[in-house]
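For reference, the structure is listed below as structure tokens.
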Amino acid sequence: MTFSGIHAIVCDMDGVLWRGDAPLPGLAAFFDLLRRRPLPFILATNNSSKSPADYVLKLAKMGVAEVPKSVSMTSGIATAAYLRERYSAGTRVYVLGGDGLRQALSGVGFEVAEDNVEIVVVGLDWDLTYSRLQRAHYLIQGGALFVGTNRDATFPMPEGLSPGAGSVIAALETSTGQTPLIVGKPQLPMFEAAVSMLGWPAGQTLMIGDRLDTDIVGAQQVGLKTALVLTGVSTLTDLETSEIQADYVFPDLLAVVEAFE
């Protein structure tokens, strides 16, 4: 058994469990494993556009029922928690991102607004328009704090890699000349929160991800064991040239499940 010392799991979603709305090999078997062992788990994603409730519904549509909302951690939730420790309830925030990010921020007491804001938070935005990008630009130039949920330049979809939140953030960096505060992977808050919630030492917790530059390197910084699956962003070619190396490499999630058997 490859993972005899592993007692908890942190798992990315996009590029590991699915690409877009297409489930990836091993999805059902993975959740069967988690329940059979049982293994406590956190689903940790840099995608801030959806809420935990959205992920419960998405998993149910893919045949995985009764996954509690509490196990889903998004970069939007992490960003909201990070900012709430530093800003008071009622602080006005402009959001360039999806409903999941808006819900995360309003859920901790921030006022999502269009003007007179102290903070601009940028994430993956499926409905991005030039006018909204322009408004974010002017607000940042006017002195609002520039915050990004993550720097993922790309996002795995069935058609291939699409522009991610990092691409939107890069546009604003270029236009404003400002460097954003980034909260999501590979920054430490998401990993530290996951380890705390799971209750097992980092060395007995496995991070399963598809990106060397976020999932793997961030997890290693807090001492998690790491497994890279090749169904998302990082490839074997990337492994050959990268200084970042996972503890284990698998073709897909099904192979990870088989390593536990």
Side-chain angles (χ1 to χ4, degrees), residues 9-24 27 30 41-62 64 67-83 95-107 112 121-128 132 147-172 180-187 189-191 193-194 207-219 228-229 231-234 253:
I9 301 288
V10 183
C11 186
D12 187 29
M13 293 193 242
D14 297 292
V16 178
L17 302 180
W18 52 63
R19 290 180 72 110
D21 291 324
L24 288 167
L27 172 65
F30 176 64
F41 66 96
I42 294 292
L43 304 177
T45 178
N46 264 351
N47 184 352
S48 64
S49 66
K50 296 183 182 297
S51 70
D54 292 328
Y55 286 118
V56 170
L57 290 174
K58 184 165 187 171
L59 284 164
K61 290 178 180 178
M62 294 181 178
V64 180
V67 175
K69 291 189 294 184
S70 59
V71 302
S72 293
M73 179 186 300
T74 72
S75 63
I77 292 171
T79 298
Y82 180 90
L83 292 174
V95 176
L96 195 64
D99 288 340
L101 182 54
R102 292 185 180 86
Q103 291 173 25
L105 291 161
S106 61
V112 176
V121 181
V122 183
L124 183 62
D125 190 339
W126 298 110
D127 300 311
L128 180 67
R132 291 193 58 74
V147 178
T149 59
N150 69 90
R151 281 195 179 276
D152 291 3
T154 56
F155 185 84
M157 294 290 285
E159 302 84 357
L161 297 182
S162 298
S167 296
V168 182
I169 290 167
L172 288 168
L181 167 70
I182 302 293
V183 178
K185 298 179 291 185
Q187 305 304 314
M190 286 184 69
F191 297 103
M207 174 71 212
I208 305 170
D210 71 307
R211 300 186 73 115
L212 289 169
D213 61 345
T214 56
D215 301 317
I216 304 306
V217 71
L228 178 74
V229 294
T231 47
V233 175
S234 294
L253 191 60

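This is a predicted model, so every value here is computed, not measured. Residue indices begin at 1 and follow the sequence shown.
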Closest non-hydrogen atom pair, Pro189 against Val183:
CD-O, 3.9 Å
Rounded to the nearest 0.5 Å, the CD atom of Gln103 sits from the CD1 atom of Ile77 at a distance of 9.5 Å
With sequence neighbours left out, write down each residue that passes salt bridge (charged side-chain N to carboxylate O under 4.0 Å, His left out) with Asp21, or none if nothing qualifies.
Lys58
Residues which pass side chain to side chain donor-acceptor pair (under 3.5 Å) with Asp210, listed by chain and number, not counting sequence neighbours
none
Checking side-chain hydrogen bond (donor to acceptor under 3.5 Å, both in side chains) between Asn46 and each of Thr74, Asp152, Asp12, which is the one that passes?
Asp152
Please find the pair of heavy atoms, one from Arg102 and one from Gly97, that lie closest to each other, and give the distance.
NH1-O, 2.9 Å
Determine whether Ser49 and Asp99 make a side-chain contact, defined as any pair of heavy atoms from C-beta on separated by less than 4.5 Å.
no
When you compare the side chain of Val16 with that of Leu24, does any pair of heavy atoms fall below 4.5 Å?
no
Passes side-chain contact (heavy atoms from CB on, under 4.5 Å), Asn47 versus Met13? Steps please.
CA-CA 9 Å; Asn47 184 352; Met13 293 193 242; over 6 Å; no
Grab the two heavy atoms, one from Ser75 and one from Ser48, that are nearest each other, plus how far apart they are.
OG-CB, 3.5 Å
Return the CE to CH2 distance between Met157 and Trp18, rounded to the nearest 0.5 Å.
12.5 Å
Hey, what's the ring geometry for Trp126 with Phe155, parallel, tilted or perpendicular (30° and 60° as the breaks)?
perpendicular
Quick one: are Val229 and Ile208 in side-chain contact, heavy atoms under 4.5 Å?
yes
side-chain contact (heavy atoms from CB on, under 4.5 Å) between Leu17 and Phe30: does it pass, once the steps are laid out?
CA-CA 9 Å; Leu17 302 180; Phe30 176 64; 4.1 Å; yes
Taking Thr231 for the side chain and Gly15 for the main chain, is one N or O donor matched with an acceptor at less than 3.5 Å?
yes
Which value, rounded to the nearest 0.5 Å, describes the distance between Leu59 atom CG and Ser72 atom OG?
7.0 Å
For residues Ala78 and Met190, report the shortest heavy-atom separation together with the two atoms involved.
CB-CG, 3.4 Å
Indicate the atoms forming the closest heavy-atom contact of Arg211 with Leu228, along with that distance.
N-CD1, 3.9 Å
Pairwise side-chain contact, Met73 with Pro52, heavy-atom cut-off 4.5 Å (strictly under):
no
Side chains of Leu124 and Asn150, heavy atoms from C-beta outward: is any pair under 4.5 Å?
no
State, with a plain yes or no, whether a side-chain heavy atom of Pro180 is found less than 4.5 Å away from one of Val147.
no
Minimal non-hydrogen separation, Pro156 against Gly232, with atom names:
CB-CA, 4.4 Å
Enter the distance from Ser167:OG to Leu172:CG here, rounded to the nearest 0.5 Å.
11.5 Å
Are any non-hydrogen side-chain atoms of Val168 and Asp125 less than 4.5 angstrom apart?
no
From CD1 (Ile182) to OG1 (Thr79), nearest 0.5 Å:
8.5 Å
Considering the options Asp215, Thr214, Thr45, Thr149, which one meets the side-chain hydrogen bond (donor to acceptor under 3.5 Å, both in side chains) requirement together with Lys185?
Asp215
Just do the side-chain contact (heavy atoms from CB on, under 4.5 Å) check on Leu96 and Leu128 with the steps written out, would you?
CA-CA 8 Å; Leu96 195 64; Leu128 180 67; 3.9 Å; yes
Check ion pair Asp14-Arg19 (N to O, under 4.0 angstrom):
no
I want to check something: taking the side chain as every heavy atom from C-beta on, are Tyr55 and Val67 in contact at a cut-off of under 4.5 Å?
no
